[in-house]
Amino acid sequence: MEIPYTYKARPDTGLYNAKVGIWLFLASEIMLFGALFSAYILLRVSAPDGFWPDVALAWPRGLLNIPIGTFNTAVLITSSVTVVLAWAALKMNNFARFRWLMVVTVICAFAFLGIKSFEYNDKFSHYVVRLKDGKAVTGHLEVNGKHPGFWNFADQWSLGRLEAEKVEHIEIAVDPARDIHGHVKHVEGASHDHAKQKIATADIAFLGSYTPATHPFFAVYFLITALHGLHVLGGALVLAYFAFPGAKMWKTNPEQFTNRIEVGGLFWHFVDLVWIFLFPVVYLL
Amino acid sequence: MTSVLQLLGMPEAAANHAKGIDELILYVHLLMASLFVGWLGYFLYVIFRFRKGANPKADYVGARSHTSTYLEIGVAGVEAVLLIGLAVPLWAKAVDNPPKPEEKPVEVQVMAQQFAWAAHFPGVDNQWGKQDVKFADRSNPFGLDINGDPAAKDDVAVVTEAFLLPVNRPVIALISSMDVIHCFKVPSMRVTQDAIPGLSIPVHFTPNKIGDYTITCAQLCGNGHSAMRGFFKVVSQEDYDKWYTEKSKAGGGSFE
Amino acid sequence: MSEQSHNAAASHDDHDHDIASHIKTYLIIFGALLLGTVITVLMYYVDFSSMAVTVGVALFIASIKAFLVAAYFMHLMSEKKLVYSLLVISAIFFTGLMGLTLWGTHDTPKNTLMKTVYVP
Amino acid sequence: MQATDTHAHAHGQKGHSHDHHEPGFFSKYIFSTDHKVIGVQYGVASLIFLFFGFLLVLAMRFQLANPGKPIPVVGALLEKLLGSDMAPGGNLSGDLYNSFGAMHGTIMVFLAIVPILFGAFGNYVTPLQIGAPDMAFPRLNMASFHVYFIGGVVMFASFFTPGGTARSGWTSYSPLASVTDLANRFDGQTYWLIGMVFLITSSLLGSVNFIATIIQLRCRGMSWMRMPFFVWAQFVTAFLLLLAFPPLEAAGLMQLMDNLFGSSFFLPQGLVVNGTALAVSGGGSPLLWQHLFWFLGHPEVYVLILPAIGIVSEVIANNTRKPLWGYKSMVYSTMSVGFLSFIVWAHHMYLTGMGTKIATFFQTTTMMISIPSVIILTALFISLWGGSIRFNAASLFALSFLPMFGIGGLTGLPLGFNASDIYLHDSYYVIGHFHYVVAPGTMFAVFAGIYYWFPKITGRMMNETLGKLHWAGSLFFMNCVFAPMFIQGFKGMSRRMYDGGTTYFEGVDPTALSLNKMITMCAVGLGVAQLPFIINFFSSIFVGKKVSSDNPWDATTLEWATPTPPPHGNFASEPVAYRGPYEYSVPGAKSDFTPQSEKP
Ligand code: HEA
Ligand code: HEA
Ligand code: CUA
Ligand SMILES: [Cu+2]
């Protein structure tokens with residue numbers, strides 16, 4: 001016996017196997033991201049009041065780059081519409097259109113990841129410095145006149161390292177007061193945005209970049225966006241496979257091929273959906 | 001009633017609220033035992049009576065009575081009674097009704113660390129000394145600011161030896177931990193409360209028997225978990241007062 | 001979809017037409033999603049003074065966008081009952097997880113008498 | 001259909017000597033996509049893990065009975081293998097004891113019992129019972145096994161990492177899990193987490209596959225209410241795995257971040273470990289881990305018990321020669337258990353500081369969930385009434401499952417009332433409670449299943465005498481091991497005590513300690529009682545009596561309508577279910593069983 005309903009719908013459920021499978025998988029994904037969102041909310045509501053970085057464990061707001069995030073949202077939405085159009089193209093028997101729409105989708109996916117990786121890098125070289133007198137400042141760090149390199153996750157500065165390497169002072173390009181609610185504040189005396197400020201190591205109580213170790217917010221941010229990024233990557237690879245090597249099936253079994261695109265598309269839309277929530281929750285709130 | 005449970009090995013209860021807990025344990029076990037014995041009797045009877053040798057031809061329909069439904073409803077009913085009648089009120093009393101100031105409760109902060117228990121009383125001035133994590137270490141688990149805060153001067157902090165509690169006076173213990181999760185468990189007092197870092201959780205009980213008691217740790221906390229014990233003595237009010245003033249006079253949150 | 005057809009799409013002309021009208025919907029939704037994104041960002045610059053309102057507005061817009069994606073791109077508008085029941089179940093459990101966890105960490109015994117200064 | 005028909009027949013013949021594609025060893029046994037081969041792979045792997053889990057606990061039991069004494073023979077070996085800080089002089093150190101305890105729990109639950117019930121029996125039997133040629137996604141099925149296997153290897157490898165395995169219990173509570181080995185970030189706990197991510201992924205793949213298979217591949221006539229109860233149990237179980245595991249996966253990733261990147265998901269501010277302040281940001285919540293863990297943890301225990309009840313139901317229906325009584329109520333109860341099991345989890349957390357409202361909520365749901373359990377068990381009990389009960393190794397195990405699960409389930413009640421849990425929490429009473437459900441409970445169902453389906457899988461019967469010996473020994477020793485634990489619990493003995501409670505009980509209550517000795521001896525006896533089984537198992541594969549027909553137990557369900565062993569593709573021709581699953585002793589029928597596939 002062969003396995004039935006691999007591409008034809010079973011009469012009583014009205015679905016073919018892979019569609020049942022993908023929806024089940026998405027249900028479990030809802031629980032996965034749901035748990036992460038729950039963790040985010042729990043940690044956030046139990047965070048102390050006040051403004052980060054003035055209060056070390058208050059919840060930071062407005063640290064992420066909104067224009068870039070908005071642009072990335074648009075990129076992902078575009079890819080979502082192209083993938084559904086690609087499926088429609090197959091339905092209309094237009095393979096050529098399917099292929100270029102799929103290519104656009106995959107390009108969008110990698111554009112999204114590329115932009116994201118720039119954002120990550122920005123965070124790794126962004127530091128919060130808390131002084132012994134209780135003041136705090138955030139900005140890009142310069143040590144001995146050098147900026148930390150690209151994707152320097154392994155090459156991070158901490159107070160311990162400054163002391164160990166006997167660095168006497170650091171310079172920091174203070175963040176502009178871009179936040180209209182005014183909760184990223186700078187040390188008094190920094191006259192204009194991105195002004196470089198010299199800080200003596202001896203005055204520093206804490207120094208850390210925007211990495212998971214610095215604040216639970218970053219931990220949540222990196223974990224959820226990285227997991228989402230992995231989904232984007234996996235989805236993009238699968239869609240790329242469908243667009244080229246996997247497209248052979250169009251010749252042998254067009255119906256099953258169309259179904260595959262539908263299933264792949266469902267996953268892709270889900271990834272988009274997660275981002276639709278992720279964007280306001282981590283960028284804007 | 002107590003004798004039944006003591007037969008099972010439960011230590012003699014030494015706190016006022018223990019009676020309720022013991023009763024609940026007893027009643028639940030009576031329910032369980034009667035169900036188990038009934039079921040087991042039925043079970044043994046059935047497998048004997050309907051063994052193949054005695055009943056070569058099975059009956060397609062099988063049992064026709066509705067006893068089982070009534071039984072299930074009965075079980076649900078008893079559970080509901082135990083739940084509403086005993087468990088919920090007992091719990092509510094335990095967490096929602098701390099002793100009122102008129103009852104002159106003894107207040108103590110209990111701090112767990114790997115692998116010991118420590119207790120902290122406010123001292124004769126009845127003022128808690130200032131505490132900060134930057135002063136905390138193994139010998140000063142409460143992080144008392146001994147040099148900075150006058151109120152801390154007379155605080156009583158007992159780190160390794162037994163501390164004392166007066167008999168028949170409510171105790172409010174604020175349970176916390178400085179490293180990992182421990183669990184403050186005093187079997188004789190029928191008190192158990194996880195000690196969770198970052199939280200301090202109040203429990204209260206009224207010891208009613210003079211004697212020596214042991215705190216065990218009921219939550220895995222590392223390789224010394226089994227040896228993590230604490231001791232306290234329940235003594236008369238006079239003995240307690242004597243000990244308390246002495247300790248408090250010794251001042252500086254005397255650390256053993 | 002007819003049982004015999006191997007090329008599902010090609011055989012039906014009216015089907016083609018159907019799909020063509022779908023495409024129009026997809027493009028409209030695309031526009032709506034972009035608009036939604038812009039509104040969300042604009043909302044950010046409005047000070048609602050209350051955090052709850054801000055969160056509510058942001059999530060409301062996100063939910064509309066999510067609805068559009070799910071309903072049209074994922075064809076949930078015309079999906080089978082089975083899929084709905086599946087989604088309802090996971091929605092219930094997700095709500096349970098989030099709600100009970102939050103409730104559980106906030107409903108704690110009252111600490112009335114003692115004010116500790118130091119919680120490690 | 002035509003082509004595959006002959007194909008299937010050809011495979012069905014014994015000693016087939018085809019000229020066409022004879023699959024090589026690897027594609028036949030390692031990279032097979034056939035659900036039956038995968039089922040057997042799961043079965044073998046998980047039995048080995050079961051045995052390994054037992055060896056771990058045996059070492060622990062020795063330590064509990066003889067604190068301070070080196071383990072004979074094995075102790076020296078452990079010292080060599082794991083280093084003298086772990087097993088000084090052949091003694092278990094506190095750390096090693098905790099390692100073994102954590103790994104015993106993890107291995108038994110995630111690598112032995114769930115894989116054997118869900119992976120092995122589920123894979124082998126479910127498609128056969130619904131008349132399907134295979135799983136809906138055979139390659140996913142294969143991937144599921146491979147991912148499980150990798151998870152097992154990672155867990156196993158962690159024994160040999162510097163610092164040893166995870167040692168914070170199978171529950172891995174933070175902060176303990178994150179601070180045990182501060183110097184070494186890539187420690188046993190990290191391995192544990194990575195292993196868990198693999199195991200969870202495997203379960204997710206498996207559960208998607210099971211649900212899709214049961215929904216889509218039921219053969220003609222196999223309506224929902226004609227499905228054998230075993231299939232229902234697997235169906236609900238798959239849902240539990242599908243929806244409860246992802247939160248643990250999320251939690252695992254968070255703890256991994258805490259371990260590897262120094263984040264503080266579960267670490268509050270101001271931790272002072274070993275007298276030094278921990279250099280983390282803080283701001284996390286230890287309770288968050290517990291919530292996410294138990295959100296899986298509680299459904300997980302029903303993942304252990306539901307398939308077990310499924311197996312027991314099959315065996316009981318077959319050996320009483322009558323239909324299950326109240327089949328429908330059992331199905332609905334199973335669904336309610338499945339649903340409710342998602343909202344009772346915090347009964348493991350009563351003593352973490354819960355207010356009255358939330359505690360009342362959770363203890364009410366806990367009491368509610370016991371009702372459908374009672375209904376299922378009662379239905380099985382009543383099924384015995386009027387039967388013509390055959391006693392063979394399978395049915396003996398299945399029958400003794402009932403009172404054993406009864407004890408385990410009933411002792412769950414005093415734990416479920418939060419006020420009595422105040423006293424019993426984390427004592428040996430809990431250990432006794434859950435071992436009654438998982439050891440004589442679940443394991444007895446596993447044994448029943450093995451004796452019952454062995455002829456279908458291998459074409460040979462297992463030896464009945466050895467089987468009965470195995471049953472008698474297991475029943476006796478299981479009770480001697482776990483019943484005394486209730487007494488110890490009443491006496492106030494906490495669990496996870498490396499010294500067996502000596503520090504606490506010495507000079508106070510010597511019986512508590514002497515019980516330790518007795519339990520340990522019985523645990524050894526329990527091991528010895530498995531010898532007949534192991535001998536039986538291996539010898540029967542080669543010399544067991546050949547089955548006289550495809551249906552040696554005169555059973556009704558579809559798996560017995562296939563050739564023995566079932567060929568690739570399972571059924572010679574598409575099966576049709578004409579009636580319910582347990583049409584035994586139908587009045588007026590020509591024999592005492594009417595198979596589901598028999599034409600009316
Ligand atoms: C298969 C596994 C399994 C099953 C089925 C259950 C079933 C139940 N469990 Fe158990 N439980 C565990 C595995 C399981 N448990 C484990 C592993 C732990 C510890 C985890 C850890 O901390 O490490 C635990 C811990 C645990 C606790 C936490 C204890 C503590 O830490 O303080 C609680 C509290 O409510 C509890 C309650 C229950 C209840 C009410 C049921 C109910 O569902 C039971 C319902 C069943 C019945 C009511 C029996 C009905 C049948 C009969 C009555 C028939 C009788 C028959 C004869 C006499 C012939 N369990
Ligand atoms: C499914 C789960 C399961 C099973 C089956 C078991 C089985 C057993 N367990 Fe386990 N146990 C747990 C889950 C389980 N346990 C968990 C979750 C914990 C808590 C861990 C923690 O604290 O974190 C625990 C803890 C625990 C403790 C407490 C440790 C402590 O708190 O300090 C003890 C103590 O005696 C114990 C004993 C036993 C014994 C004697 C068995 C026996 O029943 C074992 C019997 C098994 C055999 C005899 C093997 C038979 C082998 C075969 C049949 C293989 C044949 C092979 C081939 C044919 C290839 N267990
Ligand atoms: Cu402290 Cu266990
Ligand atoms: Cu539970």
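Within every chain, numbering begins at 1; the chains are lettered A, B, ... in the order of the sequence lines, protein sequences first and strands thereafter.
When atom types are taken as modelled, the side chain of T138(A) and the backbone of Y127(A) share no donor-acceptor pair closer than 3.5 angstrom.
Contacts with chain D were tallied for I30(A), V20(A), N17(A); N17(A) has the most, counting heavy-atom pairs under 4.5 Å. Heavy-atom pairs under 4.5 Å with chain A peak, among S264(D), A238(D), A132(D), G282(D), at G282(D). For the options M135(D), M257(D), Q216(D), heavy-atom pairs under 4.5 Å to chain A are most numerous at Q216(D). Most heavy-atom pairs under 4.5 Å with chain A, from the set E249(D), R218(D), M254(D): that is R218(D). Note: L15(A) leads T211(A), L15(A), I22(A) in heavy-atom pairs under 4.5 Å with chain D. The greatest number of non-hydrogen atom pairs below 4.5 Å with chain A, out of L140(D), I215(D), V280(D), is found for I215(D). If you tally non-hydrogen atom pairs under 4.5 Å between each of S38(A), S28(A), A35(A), G21(A) and chain D, the highest count goes to S28(A).
Taking the ring centroids of H126(A) and F218(A), they lie at or beyond the 6.0 Å cut-off. In this structure, the ring of F210(D) has its center no less than 6.0 angstrom from the ring center of F235(D). Checked against the 6.0 Å centroid threshold, Y120(A) and F222(A) count as a close aromatic pair. Checked against a 6.0 Å centroid threshold, the rings of Y16(A) and Y7(A) do not count as neighbours. Taking the six-membered ring for Trp and the full ring otherwise, H298(D) and Y302(D) have centroids separated by under 6.0 Å.
Residues K132(A) and D203(A) are not in side-chain contact: their nearest non-hydrogen atoms beyond the backbone lie 4.5 Å or more apart. The closest side-chain heavy-atom distance from F217(A) to L64(A) is below 4.5 Å. S207(D) is not listed as a side-chain neighbour of L243(D), based on a closest heavy-atom distance of 4.5 Å or more.
With a 4.5 angstrom heavy-atom cutoff, F137(D) touches chain A only via side-chain atoms. When heavy atoms are compared at a cutoff of 4.5 Å, L227(A) approaches chain D solely by way of its side chain, counted from C-beta outward. Heavy-atom distances place both the backbone and the side chain of A27(A) under 4.5 Å from chain D. For L223(A), the parts sitting under 4.5 Å from any heavy atom of chain D are the backbone and the side chain alike. In this structure, no portion of S46(A) lies under 4.5 Å from any heavy atom of chain D. Using a 4.5 Å cut-off between heavy atoms, L204(D) contacts chain A through its side chain alone, with no backbone atom that close. Contact annotation for L42(A): only side-chain heavy atoms (C-beta onward) come within less than 4.5 Å of a heavy atom of chain D. For A39(A), the parts lying near chain D are the backbone and the side chain together; criterion is any non-hydrogen pair under 4.5 Å. With a 4.5 Å cut-off on non-hydrogen atoms, F295(D) touches chain A through its side chain but not through its backbone.
Between atom CE of residue M142(D) and atom CG of residue L205(D) there is a gap of 11.5 Å, rounded to the nearest 0.5 Å.
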